[in-house]
Structure formats: C-alpha cells, structure tokens
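To keep things clear, I will list the structure first and then write my remarks on it.
When a ligand or atom number is given, it counts from 1 through the structure's own listing order.
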Amino acid sequence: MTTDKMLQFVSTDQQTPAKRAVDRRVEDFREIYDEFSVDGAREQASRCSQCGVPFCQMHCPLHNNIPDWLMLAAEGRLQEAYEVSSATNTFPEICGRICPQDRLCEGNCVIEKGFNSVTIGAVERFVTETAFENGWVEPIPVGPARGQSVGIIGAGPGGLAAAEQLRRRGYDVTVYDRYDRVGGLLIYGIPGFKLEKEVVSRRADRLVEAGISFELNFEVGRDASLAELRARHDAVLIATGVYKARDLQCPGVGLDGIYPALDFLTTSNRQGLGDAVPAFDDGQLNAAGKRVVVIGGGDTAMDCVRTAVRQGATSVQCLYRRDRANMPGSLREVANAEEEGVEFVWLTQPEAFLGGDNNRVSAVRCSEMHLGVADSTGRQTPRKIDGSERDLPADMVIMALGFDPENLPVLLGEPDLEVSRWGTVLVDPRTAMSNLDGVFAAGDIVRGASLVVWAIRDGRDAADSIHRYIQQGAEAPRALAS
Ligand code: FAD
Ligand code: SF4
Ligand code: SF4
C-alpha cells in the first residue's frame, strides 16, 4: 500500500504538536501538548515511507497497523484511519499521549536515523480525538447475551481492555475496584499534565453505557474473597496492578516529610478532581513553599518532580544514582521537567536523611557515584566515590524507587494462588490462566510494573483466552495451547 503523498520525510521536517509556554503550563495540571492541526497531522503522517517490513508496528506491543493509518491520515481519510487504529487498540488516544514512543514505535521507525522518526503517537492521538469530535466513535457493540459472566478485579487499563472485549462478545461483565473511580493508575497515578482525567472518564462512560457493571469501593479480600467471586462468575480476571512501594534502608528514613511517590501523586490527583483531601489541605502532602527532593529516575519520579513544580515548590531536585543516558524514564519527560525548572542531580545516591528537633526531614545526605563494570544484565553498576558526601537541604522528600506486588494470596484470601518469588501472579503464557481453574491474570500484576500499552495488550489477550475457556470447558485453554 503506497501513495505518492507519502515518503515526504526527505523534504518535510519532523514536527511535534506545539507545547504550551513553560510559564503558563506550570500554573495548572492541564496537558502540555496542543493538538495537531488537520494540515499538520496530514503533513507529518505523509513523512512515513510505508515500509514493507514496518519496524514501528513490530515494536508496538499492540502491533498496531501504523503504516496503514498513517497513509489514510495523510490522505485526509481520518474516519478510516480511526477505524484501522481502533481495531487493535482499546484506548488509542491514551496510548498516543502516554506511551514512551521513543522506546517503542517511534524509536524503531526506520527514518529515525538522520531524519527523525514519524510522530506516530501524536498522529494516533489526533486521529482518535478527531473521531470523538465528529461522532465517529460508535457505542461499543454488545454481542448477543450469553447468560455467562466474568468478574474482573481491577479497573485499570488491563481490566478495562478485557472488560470491553468480553462485553463485545456478549458476556455479563462486572469490574470490582477498591477505588471510588474507574481507571486505576490512569486516574490516580498519572498526573493530568500527561493525561487529563476527562480523557479517562470519557472511556469509562462508554463502558458503563455498554452495560458493564462497576462495583467500586469494593476490595476483593475484604468485601468478598476470590473464592466467592469464582462461585459468582464463569471466570475471573485478576488485574490488580502493583502498589507496594520499594523503600530505602538508611538512617532517618522514618522522619516526617518523607513520602512514597504514589501517596503524593494520588493526593494531588484527588485534589485536582475536587475531592476533600485533608493531607493536602493541612500542608503535609503539598509541596507549596518547600524544597523538594525526589529520589528515583523512572517515569514516576518525573511525574513527582513536575507535580511538585506545579504545586509551587521553591526548588525541586531529582536524585538518580546513574546518569542521564542510563535512566529508565522517558527522555521526553526529562526534557519537559528540565524546561519546567527541575534540577537533575545525576550519579548521586542518598546515604541518610537528616532531621531537626521536630523529627522532620531537613536534608538528604548523599554520595556521588561513578559507573563501574556492567553486571549480568549489561547495566553498569553504580559505585560510591569515597569522601564525596554532601548534604542537600530538603523540606520534603519523595521516594520514587518503583513498585512490587502486594502479597496477593493473602490480600485476595486465596492461599493456593501461585505467585513468583517477586509476588507476580504465575500464568500460563499461552492462556493467561493461573494455577487456579478459570482464574486469569493480566497487566502489571503479571509483568511487574510496566506500561499502559502492555496492560491493554494483556487484557485483550486474556479476554480471548477467557472466551475460549468458557465456551470450550474448563480444560480447553491448556489443551488448545498444547
Ligand atoms: P492499575 O492501573 O494499577 O490498575 C489496577 C486496579 O486494581 C486499581 O484500580 C486498583 O485499585 C485495583 N485493585 C487492586 N487491588 C484490588 C483489590 N484487592 N480489589 C479490588 N480492586 C483492586 N505507563 C505508561 O505507559 N506511560 C506512562 O506515562 C506511565 N506513567 C506512570 C506514572 C506513574 C506515577 C505510575 C505509578 C505508573 C505509570 N505508568 C505509565 C505505568 C502504568 O500506569 C501501568 O503499567 C498500568 O496502569 C498497569 O495497568 P493495570 O491495569 O495492570 O493496573
Ligand atoms: Fe506507538 Fe503506543 Fe501507539 Fe503502539 S500504542 S503505536 S507503541 S503510541
Ligand atoms: Fe512509516 Fe517509520 Fe513505520 Fe516505516 S518504520 S512504516 S517509515 S512509521
């Protein structure tokens, strides 16, 4: 499929949608990127060279048919572009906003070298937003009622993607979530400047309109056991995500003013959503007027530093024990944070937290590091430089060191559920089924902390397996796969 409108990468430079001016965008939590204009999107889509073997598609976890939708967008056939892109992606406008494209589709675009990649994510977002504006996003088509039901634990992207696919096939679907809103980390983790909350609630509304039931403020393990859900439904999907914050073991770690990243971000998101949040109002989980130090180098750390800036911190520093080239967070987000005034303190590791008489943190004692020989994973190991200790003043410290699964067999009241030594649910990779008959799992609780796009992929795959399982009998998925 080629057209003379394509292959424009030689004559047309890469353009991303304009960013809002820094001094304006740090005053609120709205998204920072503008939408493409129609002409801008067409022009950028036309840079694609329509590869016969599209590496962009191979490196998209959903294997989105990127060249086809780019060509349709370049030709101005936006409704068809939307139909192609939404055939493989449950939430294309969300992925277009928050996928780390530099590590996925765009990072593998063949014209990346020398010419800069096609701006795939921004076109995906534009196409889907245009579809919403023009009423091309039809209600979810619900298949003929089967009289069979699936219970899904977790209303994050993994659970929601599975819910939609199963409803399309005519299953009665109930999603249970311990939170009071639908969206998981899309709503309470990721800040509005990356993903506005209306974008998430628009999707949630569609799922409700399709007849999916949501039991919110419902914690499985407290309000019902996994065994009770298994008795209630023909199959159950565990999509509970990972929420146990990794901690540092060092002197002073228990001082007041030191917080886990997700407490800080959830509080900020709740405040933005208009909830009463005493921990924010009383100044505890509020960076206003404080010198803030964030520890970590991943996407969560980037979200914390940029949230602190918007709350009115007097200074924001990000400590990371490796260097810029070796940090796990998206380089795009690092650049955004730097523009917004965040100082990155590379190759630096905390050794202790110092406090005053009031038991509040007042400084972070840290050491400089150098990168030594590579370990078995190929990453250079950071080594402390003796005698390099110094103190960074801090009124608030946020720990963004990653997440592990909670103890799920205990949490769900199901000691027989098999988990790995890291606590993730063990599933048959061919079927997504756990060791418990009819109990499937998807998203971060299987992979460990990962990405939205992978949770969507897992949720869609799990829905296919659940469908086969219910239709062909309890032993079918394993038999099918073998
Ligand atoms: P979650 O989104 O975690 O949803 C799990 C749901 O299960 C939650 O709603 C939870 O309340 C519910 N639940 C848990 N236990 C129970 C129980 N016992 N009973 C009932 N309900 C329960 N990914 C990206 O691709 N791009 C990004 O920019 C990005 N930024 C991120 C920023 C932050 C701060 C964080 C923390 C993560 C970020 N991620 C990002 C990762 C991404 O959010 C996750 O990979 C994704 O949300 C995982 O989806 P999930 O459905 O598996 O789990
Ligand atoms: Fe790229 Fe993510 Fe869209 Fe796939 S879903 S094409 S990785 S932005
Ligand atoms: Fe187009 Fe780049 Fe994908 Fe090739 S790799 S099809 S040029 S977007």
Side-chain angles (χ1 to χ4, degrees), residues 6-7 9 45 47-64 66-67 69-71 85 88-89 91-92 94-101 103-112 117-118 120-125 153-162 175-179 181-191 194-195 215-216 218-224 226 238-243 261-262 265-266 298-304 329-330 333 400 402-403 406 408 411-412 442-447 449-459:
M6 306 304 287
L7 285 156
F9 64 93
R47 296 180 71 246
C48 169
S49 68
Q50 296 288 290
C51 303
V53 181
F55 286 102
C56 56
Q57 180 169 4
M58 285 156 62
H59 286 87
C60 165
L62 293 161
H63 299 310
N64 282 339
I66 298 166
W69 97 52
L70 287 174
M71 194 196 69
S85 89
T88 48
N89 192 350
F91 308 125
I94 295 178
C95 292
R97 283 170 166 89
I98 61 167
C99 272
Q101 285 103 6
R103 285 188 264 144
L104 300 171
C105 53
E106 293 179 17
N108 290 281
C109 171
V110 291
I111 63 171
E112 161 73 14
S117 63
V118 180
I120 299 166
V123 177
E124 187 176 23
R125 169 187 165 172
I153 314 172
L160 297 182
V175 182
Y176 303 88
D177 202 293
R178 61 186 174 191
Y179 282 155
R181 288 186 176 89
V182 173
L185 289 173
L186 300 177
I187 203 96
Y188 284 134
I190 300 173
K194 277 169 48 182
L195 176 65
E215 296 269 354
L216 299 179
F218 189 109
E219 181 168 329
V220 179
R222 182 193 67 190
D223 299 312
L226 180 58
I238 301 173
T240 48
V242 293
Y243 284 86
L262 210 49
L265 293 172
T266 304
D299 285 330
T300 302
M302 296 310 106
D303 290 347
C304 290
S330 157
E333 297 307 310
F403 303 95
E406 291 151 312
L408 216 57
L411 189 77
L412 300 183
D444 279 4
I445 194 58
V446 175
R447 292 179 181 274
S450 179
L451 294 173
V452 169
V453 65
W454 279 114
I456 296 171
R457 161 77 191 268
D458 288 352

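Shown in contact with L70 at under 4.0 Å from a heavy atom are these atoms of ligand 3, numbered in order with element: 8 (S). Within the listing of ligand 2, atoms 8 (S) sit less than 4.0 angstrom from a heavy atom of Q101. Remark: ligand 2 atoms within the under-4.0 Å shell around heavy atoms of V453 are 5 (S). Set against the non-hydrogen atoms of N89, the atoms of ligand 2 under 4.0 Å away are 5 (S).
Minimum interatomic distance between C48 and L70 (heavy atoms only, all atoms of both residues): CB-CD1, 3.8 Å. Of all the heavy atoms in G156 and D177, the pair that sits closest is N-OD2, 4.4 Å. When every heavy atom of I66 is checked against every heavy atom of C105, the shortest pair comes out as CD1-CB, 4.0 Å. Contact record, I120 with W69: CG2-CZ2, 3.8 Å, taken as the closest heavy-atom pair. Listed here is the closest heavy atom pair of V175 and G154: CG1-O, 3.6 Å. Closest approach of V453 and L62 over heavy atoms only: CG2-CD1, 3.6 Å.
Side-chain atoms of N108 never come within 3.5 Å of backbone atoms of H59 as a donor-acceptor pair (strictly under, hydrogens ignored). Not a single donor-acceptor pair under 3.5 Å links the side chain of E124 to the backbone N or O of R97. Checked by atom type and distance alone, the side chain of D458 pairs as donor or acceptor with a backbone atom of G443 at under 3.5 Å. Although no hydrogens or angles enter the test, the distance criterion places no donor-acceptor pair under 3.5 Å between the side chain of R178 and the main chain of V220.
Around ligand 1, the residues contributing at least one heavy atom under 4.0 Å from the ligand are I98, I153, G154, A155, G156, P157, G158, Y176, D177, R178, Y179, G184, L185, G189, I190, K194, F218, E219, V220, A239, T240, G241, Y243, L265, T300, D303, F403, L411, L412, G443, D444, S450, L451, V452, A455.
The closest protein non-hydrogen atom to atom 2 (Fe) of ligand 2 is C99 SG, 2.5 Å.
Selection from N64, L104, L62 by nearest heavy atom to atom 7 (S) of ligand 2 gives L104. Heavy-atom proximity to atom 1 (Fe) of ligand 2, evaluated over C105, G107, C60, is greatest for C105.
Near atom 2 (Fe) of ligand 3, less than 2.8 Å away, sit the protein N, O or S atoms C109 SG.
Within 6.0 Å of CZ in F218 there are more than 12 heavy atoms belonging to other residues, nucleotides or ligands.
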Which pairs would a plain distance check flag for residues 181-189, meaning a side-chain donor or acceptor within less than 3.5 Å of a matching protein atom at least two apart in sequence or in another chain?
{"from": "R181", "atom 1": "NH1", "to": "Y188", "atom 2": "OH", "distance (Å)": "2.7"}
{"from": "R181", "atom 1": "NH1", "to": "D275", "atom 2": "OD2", "distance (Å)": "2.9"}
{"from": "R181", "atom 1": "NH2", "to": "D275", "atom 2": "OD1", "distance (Å)": "2.9"}
{"from": "Y188", "atom 1": "OH", "to": "D180", "atom 2": "OD1", "distance (Å)": "2.6"}
{"from": "Y188", "atom 1": "OH", "to": "R270", "atom 2": "NH1", "distance (Å)": "2.9"}

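Within E124, OE1 is the N, O or S atom that lies nearest to atom 3 (Fe) of ligand 2.
Applying the side chain to side chain donor-acceptor pair (under 3.5 Å) test to D444 and every residue at least two apart in sequence or in another chain returns nothing.
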